[in-house]
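Quick notes on the structure that follows.
Residue indices begin at 1 and follow the sequence shown.
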Amino acid sequence: MLSPVQGKQQRSLNTQLPDRKKVKEKHTEYIVANHIKKFVAYFCNSDKKKVQELNYLDVVSDNKARAFVTKYYNYIENQTRSQLSKMNKSEIEITHDFYLKKFQLYEPKLDYDFILFDEGQDASPAMLDVFFRQEAVKVVVGDTHQQIYSWRFAVNSLEKAGFKTYQLSTSFRFGQDIANLAVQVLKYKKHINDKHHAVITGNGNFREQKTKAILARTNLGLLLRAIKYVTEKRNVKNIYFEGNINSYTYADEGTSLYDVLNLYNGKHHLIKDSLLKAMKDMTELNDYIEKTEDIQLGMMVSIVSEYGNRIPGIINIIKKKHLDNEERGKS
């Protein structure tokens, strides 16, 4: 669950976690390390200058996770500050979020007459802090209906800016049929108190497509959809994954779907991931997921719970139906 560098950080926690011998919860070091990592990302994406200005509990929703974080809050906050300090001193590798934070805290003055901020609906507070400080003519372009990075602490800059608004409602990427469908889909948002009426015009060329494309936030989300296609819709002829198909069986942190399956079957000797190898059974893994709100691990558990030992066979079917780049061009 941790990168090599993060793994080293986690091992240092083993001797620093207060009252470790008295801790009754299992895998506490891993859970704490997970929250420290998230707190670092939360701070780096914020517009705050100090970690203490944030309340990490504001981004923790699960009851078990909140109870755990509340219990160890001071320790998690102190270790978050420690990790940031080590990054700043080049004692450990820095993250992409960290050097953006350094740039924001430097309060740079950009020598430009015009600054255009694209995809403004997914701006982080750190980005906006830099943007709003500039004296240039500032323009934000975005679509509130396309916000997808709120899980990465993004905010809608279109609402934060208070600039004069101009509607860009004509697209040359699609025809009027897609535009009409988009308007109908957006009407559903009225059920969540969005009363904005969208007018969309499609001036693109129309061409009938028989291929369906699926977009997802994670590789696992796409893998789950592929599994459902080959198990529920037998007439699926070909499937194409962008990139290496084998990578779709892994979470972002490196845990394999097969590791979860091996834990499910009690085959610890086949588990490669150090965190899962330390787990006694699926009950312990589910407890860890609840306390860390690890969505990807949770999705893996759902896949294993539903398909069990059918998974290797299903993956093989998907691979047989998978097209490479050259074959996709011909299909």
Which atom names give the shortest non-hydrogen contact between [X] and [Y], and what distance separates them?
X    : Y    : answer
A65  : V60  : CB-CG1, 3.6 Å
M282 : V301 : CE-CG1, 3.9 Å
V140 : G120 : CG1-CA, 3.8 Å
V51  : E77  : CG1-CG, 4.0 Å
P108 : F103 : CD-O, 3.0 Å
M300 : T249 : CE-O, 3.6 Å

When you look at [atom1] of [X], are more than 12 heavy atoms from neighbouring residues, nucleotides or ligands closer to it than 6.0 Å?
X    : atom1 : result
E135 : CD    : no
Y112 : OH    : no
N316 : CG    : yes
R225 : CZ    : no
I295 : CD1   : no

Once salt bridge (charged side-chain N to carboxylate O under 4.0 Å, His left out) is applied, do any residues pair with D97, and if so which ones, sequence neighbours excluded?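 R152.
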- Message: Can you list everything that forms a salt bridge (charged side-chain N to carboxylate O under 4.0 Å, His left out) with E119? Sequence neighbours excluded, please.
- Response: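 Testing E119 for salt bridge (charged side-chain N to carboxylate O under 4.0 Å, His left out), a comparison that skips the adjacent residues, returns none.
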Could you tell me if N246 and K319 have a donor-acceptor pair between their side chains, going purely by distance under 3.5 Å?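 Yes, side-chain donor-acceptor contact under 3.5 Å.
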Next on the checklist: Pairing donors with acceptors under 3.5 angstrom, does anything connect the side chains of Q104 and D129?
Outcome noted: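 Present: a donor and an acceptor within the cut-off.
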Is a donor on one side and an acceptor on the other found under 3.5 Å between the side chain of [X] and the backbone of [Y]?
X    : Y    : value
E284 : K280 : yes
D273 : L275 : yes
S46  : F43  : yes
K277 : H268 : yes
E290 : D62  : no
K138 : Q134 : yes
T70  : R66  : yes
D259 : T255 : no

Tell me which pairs pass salt bridge (Lys or Arg N to Asp or Glu O under 4.0 Å) where either residue lies in residues 38-60, with sequence neighbours left out.
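Non-adjacent pairs meeting salt bridge (Lys or Arg N to Asp or Glu O under 4.0 Å): K49-E107.
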Item checked: Partner set under ring pair (Phe, Tyr, Trp, His ring centres under 6.0 Å) for H96, not counting sequence neighbours ->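 With sequence neighbours excluded, H96 shows a ring pair (Phe, Tyr, Trp, His ring centres under 6.0 Å) to Y99, given in chain and number order.
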Nearest-0.5 Å distance that lies between atom [atom1] in [X] and atom [atom2] in [Y]:
X    : Y    : atom1 : atom2 : value
L223 : K228 : CG    : NZ    : 11.5 Å
L323 : K237 : CG    : NZ    : 9.5 Å
C44  : K102 : SG    : NZ    : 11.0 Å
H35  : F68  : NE2   : CZ    : 6.0 Å
K101 : N88  : NZ    : CG    : 12.5 Å
N286 : K291 : CG    : NZ    : 12.0 Å

Practice problem: Report the C-alpha distance between Q176 and N180 in whole Å, list the side-chain angles of each, state the deciding distance to 0.1 Å, and finish with yes or no for side-chain hydrogen bond (donor to acceptor under 3.5 Å, both in side chains). | Solution: CA-CA 6 Å; Q176 191 60 43; N180 293 337; 2.9 Å; yes
### Message
Starting from L270, can I reach I311 by hopping between I/L/V/M/F/W/Y residues whose side chains sit under 4.5 Å apart?
### Response
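As far as the 4.5 Å side-chain criterion goes, L270 and I311 are not connected within one cluster.
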Out of curiosity, does V230 fall in the hydrophobic cluster containing L257 (side-chain heavy atoms, cut-off under 4.5 Å, transitive links)?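 In one cluster: yes.
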One pair to check against side chain to side chain contact (heavy atoms under 4.5 Å, CB included): T283 and L285. What are the steps and the verdict? CA-CA 5 Å; T283 300; L285 177 55; over 6 Å; no
Return the orientation label for the [X] and [Y] ring planes: parallel under 30°, perpendicular over 60°, tilted otherwise.
X    : Y    : answer
Y240 : H322 : parallel
Y73  : F39  : tilted
F131 : F117 : perpendicular

Checklist entry - Would you call I76 and V32 a side-chain contact if the rule is heavy atoms closer than 4.5 Å? => result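 Yes, side chains in contact.
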Q | Flag side-chain contact, heavy atom, 4.5 Å: V141 against V139 | A |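 V141 vs V139: side chains touch.
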inquiry  = Can you tell me which residue among D294, N34, T28 is in a side-chain hydrogen bond (donor to acceptor under 3.5 Å, both in side chains) with Y288?
reply    =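 The residue from D294, N34, T28 that satisfies side-chain hydrogen bond (donor to acceptor under 3.5 Å, both in side chains) with Y288 turns out to be N34.
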Practice task
List, by chain and then residue number, the residues other than L181 in its hydrophobic cluster (Ile/Leu/Val/Met/Phe/Trp/Tyr, side-chain heavy atoms under 4.5 Å); write none if there are no others.
Solution key: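 Result for L181 is V185.
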Not counting sequence neighbours, list each pair that qualifies as a ring pair (Phe, Tyr, Trp, His ring centres under 6.0 Å) and has a residue in residues 242-263.
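Every pair satisfying ring pair (Phe, Tyr, Trp, His ring centres under 6.0 Å) with a residue in residues 242-263: F241-Y248.
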